Amino acid sequence: LIAVFVPVAFMPGLTGRLYQQFAVTIAISVAFSAINALTLSPALASLLLNYLSDPLAFLRDVRRVLRPGGRLVLSALRRDADTSRICVAGVEELRAGLAREAFGEHGERNLERSLHGFINDAARLLDLEERGVFHFWDEEDLRAMLSEAGFEVVQVRAAYGHPPQAIVVTARRPLDG
């Protein structure tokens, strides 16, 4: 789309002037969307598996669209994750002055309100798990599910703190499948 709209921005005459703003806006929007898709989206989807009602179906769909040899990296909160520990670590970092550095003066002023919201959300995870809306995982469950979906597990590692609160798995779609 960028290749279509950038030349439109340079069209001569009255037509060029009429479409210039539109073409520049579309080209910039598409560029930002591409950057988001390539950088932020994987991070935003990192805990997606925890919320899916049918994660096996999701993984089968991912395998279907992934090219042979393509890799999937996913993360999920461990079954023994201490969500309060995650919150406390975040609070310590933000109170150490990183709030202003990360979010500016406005973010620092709203730190307490944000932290209360985060604590409430973290506590809600246990309630969501009891209702079947959220699921904690362990390494064996993830390996088995990825294998059943047709992936080869390349690497599994514990991550996010000491003790680790999440599992990060790298899997690969087989070359022959």
Side-chain angles (χ1 to χ4, degrees), residues 32-33 35-66 69-174:
F32 278 123
S33 178
I35 290 168
N36 177 36
L38 295 172
T39 59
L40 299 176
S41 294
L44 294 173
S46 69
L47 294 175
L48 177 68
L49 203 62
N50 292 92
Y51 289 95
L52 295 175
S53 61
D54 190 354
L56 181 59
F58 169 76
L59 291 172
R60 285 181 174 144
D61 283 342
V62 169
R63 184 187 179 282
R64 183 179 52 80
V65 298
L66 197 62
R71 290 183 182 253
L72 166 69
V73 178
L74 61 89
S75 67
L77 284 178
R78 295 166 51 111
R79 192 174 306 283
D80 61 351
D82 182 355
T83 54
S84 64
R85 182 186 257 299
I86 296 170
C87 182
V88 169
V91 169
E92 288 171 358
E93 285 182 20
L94 292 172
R95 286 202 173 132
L98 296 177
R100 178 183 290 269
E101 189 178 306
F103 307 112
E105 189 175 321
H106 177 72
E108 186 177 40
R109 282 195 311 265
N110 292 317
L111 176 63
E112 290 301 319
R113 185 180 53 176
S114 298
L115 294 175
H116 287 287
F118 182 77
I119 290 169
N120 289 337
D121 289 345
R124 239 180 259 130
L125 290 180
L126 297 174
D127 180 50
L128 291 174
E129 184 181 35
E130 287 177 11
R131 291 190 291 153
V133 177
F134 188 88
H135 187 78
F136 291 96
W137 297 94
D138 58 30
E139 180 180 333
E140 295 77 28
D141 289 342
L142 287 173
R143 281 182 182 275
M145 188 170 42
L146 283 161
S147 180
E148 188 176 344
F151 285 96
E152 297 172 348
V153 175
V154 176
Q155 180 184 31
V156 178
R157 66 182 184 86
Y160 197 52
H162 298 287
Q165 302 299 308
I167 302 168
V168 178
V169 181
T170 304
R172 181 175 77 90
R173 179 179 170 179

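Just so you know, these numbers come straight off a predicted model, no measurement behind them.
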For E148 against R60, the heavy-atom pair lying closest together: OE2-NH2, 3.5 Å
With the side chain counted from C-beta on, respond yes when V156 and L142 share a heavy-atom pair under 4.5 Å apart, and no when they do not. no
Before you tell me yes or no, could you show the steps for L74 and L146 under side-chain contact (heavy atoms from CB on, under 4.5 Å), namely the whole-Å CA-CA distance, both residues' side-chain angles and the distance that decides it to 0.1 Å? CA-CA 11 Å; L74 61 89; L146 283 161; 4.2 Å; yes
Closest heavy-atom pair and its distance - R78, I167: CG-CG1, 3.3 Å
Search all heavy atoms of F151 against all heavy atoms of P174 and return the closest pair with its distance. CA-CD, 4.5 Å
Where L49 and M145 come nearest, the two heavy atoms and their spacing: CD2-CE, 4.1 Å
Among residues at least two apart in sequence or on other chains, which ones pass side-chain contact (heavy atoms from CB on, under 4.5 Å) with A57? D54
Roughly how far, to the nearest 0.5 Å, is CG of L128 from CD of E130? 9.5 Å
Salt bridge (Lys or Arg N to Asp or Glu O under 4.0 Å): pairs with one or both residues in residues 150-171, sequence neighbours excluded: E152-R172
Check whether Q155 reaches the backbone of V153 with its side chain - one donor and one acceptor, N or O, closer than 3.5 Å. no
By ring pair (Phe, Tyr, Trp, His ring centres under 6.0 Å), Y51 pairs with (sequence neighbours left out) F134
Which atom names give the shortest non-hydrogen contact between A76 and N50, and what distance separates them? CA-OD1, 3.3 Å
